Number of protein chains: 2
Amino acid sequence: MARELDHPDIGTVSLDTVLAALADPIRREIITQLSTGHNDQACIAFDLPVSKSTSTHHFRVLREAGLITQRYEGTAIRNTLRCEDMDTRFPGLLDAVIDAECRTRSQGANRLVGVDATVGA
Amino acid sequence: MARELDHPDIGTVSLDTVLAALADPIRREIITQLSTGHNDQACIAFDLPVSKSTSTHHFRVLREAGLITQRYEGTAIRNTLRCEDMDTRFPGLLDAVIDAECRTRSQGANRLVGVDATVGA
DNA sequence: GTCGTTGTACGATGAACAGCGTACTACTTG
DNA sequence: CAAGTAGTACGCTGTTCATCGTACAACGAC
């Protein structure tokens, strides 16, 4: 019954923190996967080109920025995107970033190596 | 006739660079002032709580990210926001950030000290 | 209990970057 | 020409942060 994770009130999250969180390509990868069918998945379900501890770090930054919710389920964690909360706080911002990310991706020249072919798997 | 400044093709600017540029509060301050009546102004016209050299640095980051245009006019530089270019490249993104910034600001608790009362002057 | 799974804590490290001051260039004005 | 204005270049500094490995904790299955 320990294992409670802190989530910020959406009213208190700062634009600074949100944009800093979104400025990292790995974290945008997570957000994008969450928004395209990977919602409510464990952290390992995301095929990220970094070590486990780095991955933990990125998920935490996203949670503390108010972008995702993390809830324990056994040993794993369910990650969900806080779409509505973010749209309340900063309307259009998250959608614009996800859209921009997808747009960049379909243009080829993906900066995030090692994930290209396995995203859909 | 020297004094030409490089501006990236809008098609080549990366989301990474743009978000990194927008993640800094000083640079968002510049962008916000540009979008709210301060367009086409010299760098010194922006009342920023940093030194001149730091200011130069931020303007350059914005230009190289494709967010602003800088054109010499005598000893000064005219700064303009590349709204349409940005909206072509990443639709809705710039507007969402500016809107979010203004929203944050009118909520009080402005993180950027020293600019509050003198913005309108 | 033991073992495997999933994620965390804790250092440590190296790179990136915001900030500054000083010295400088380029232009305008007198 | 000299003086003033607007911005740049350069070097430096301190901080932040992404990354890693290793050791550990919490839970499920057996």
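Keep in mind that what you see is a predicted model, and the values were worked out from it rather than measured. To find a chain, count down the sequence lines: A is the first, B the second, and so on, and within it residues start at 1.
- The nearest whole Å value for the distance from the CD atom in Glu73(A) to the C1' atom in dT5(C) is 15 Å.
- Between Arg3(A) and dT6(C) there is no side-chain N or O to OP1 or OP2 distance below 4.0 Å.
- With salt bridges taken as basic N to acidic carboxylate O contacts below 4.0 Å, none links Asp85(B) and Arg89(B).
- The two residues Ala23(A) and Asp16(B) make their nearest non-hydrogen contact at O-OD1, 3.6 Å.
- Comparing dT8(C), dT6(C), dA18(C) by their closest approach to the side chain of His57(B) singles out dA18(C).
- Closest to the side chain of Ala76(A), out of dG7(C), dA9(D), dT19(D), is dG7(C).
- Of the candidate nucleotides dA6(D), dC20(C), dG7(C), dA6(D) has the atom lying nearest to any side-chain atom of Ile44(B).
- Per the geometry, CZ belonging to Arg71(A) stands 16 Å off P belonging to dC27(D), to the nearest Å.
- Counting all heavy atoms, side chain and backbone alike, Gln70(A) lies closest to His7(A) at N-NE2, 2.8 Å.
- Side-chain atoms of Thr54(B) and Ser51(B) form a donor-acceptor pair, as typed in the model, at a separation below 3.5 Å.
- A donor and an acceptor atom, one from each side chain of Thr32(A) and Ser35(A), are nowhere located under 3.5 Å apart.
- The side chain of Thr56(B) lies closest to dT8(D) when the candidates are dT8(D), dC20(C), dT19(D).
- The side chain of Ile26(B) lies closest to dG19(C) when the candidates are dG19(C), dT8(C), dA18(C).
- Taking the side chain of Arg60(A) as heavy atoms from C-beta on, and the options dA18(D), dA9(C), dC20(D), the nearest nucleotide is dA9(C).
- Between the P atom of dT8(C) and the CD atom of Gln70(A) lies a distance of 6 Å, rounded to the nearest Å.
- The nearest whole Å value for the distance from the CD atom in Glu64(B) to the P atom in dA16(C) is 15 Å.
- For the pair His58(B) NE2 and dC20(C) C1', the interatomic distance rounds to 12 Å; values are reported in whole Å.
- Side-chain proximity of Thr75(B) to the nucleotides dA18(D), dG7(C), dT28(C) is greatest for dT28(C).
- When the nucleotides dG21(C), dC20(D), dG7(C) are ranked by their closest atom to the side chain of Ile77(A), dG7(C) comes out on top.
- Distance Asn79(B) CG to dT8(D) P: 9 Å, rounded to the nearest Å.
- For Phe59(A) and dC17(D), the CZ to C1' distance is 18 Å, given to the nearest whole Å.
- Taking the side chain of Ser53(A) as heavy atoms from C-beta on, and the options dG7(C), dC20(D), dG7(D), the nearest nucleotide is dC20(D).
- In terms of position on DNA chain D, the residue among Gln41(B) and Asp24(A) whose nearest nucleotide sits closer to the 5' end is Gln41(B).
- Comparing atom distances between the Thr54(A) side chain and each of dT19(D), dT8(D), dG19(C) picks out dT19(D) as nearest.
- Using a 4.0 Å heavy-atom distance criterion, Arg78(A) is classed as making no nucleic acid contact.
- Across the protein-nucleic acid pair, Lys52(B) atom NZ and dT22(C) atom P stand 12 Å apart, rounded to whole Å.
- Between Arg105(A) and Glu29(A) there is a salt bridge, with a side-chain nitrogen of the basic residue lying less than 4.0 Å from a carboxylate oxygen of the acidic one.
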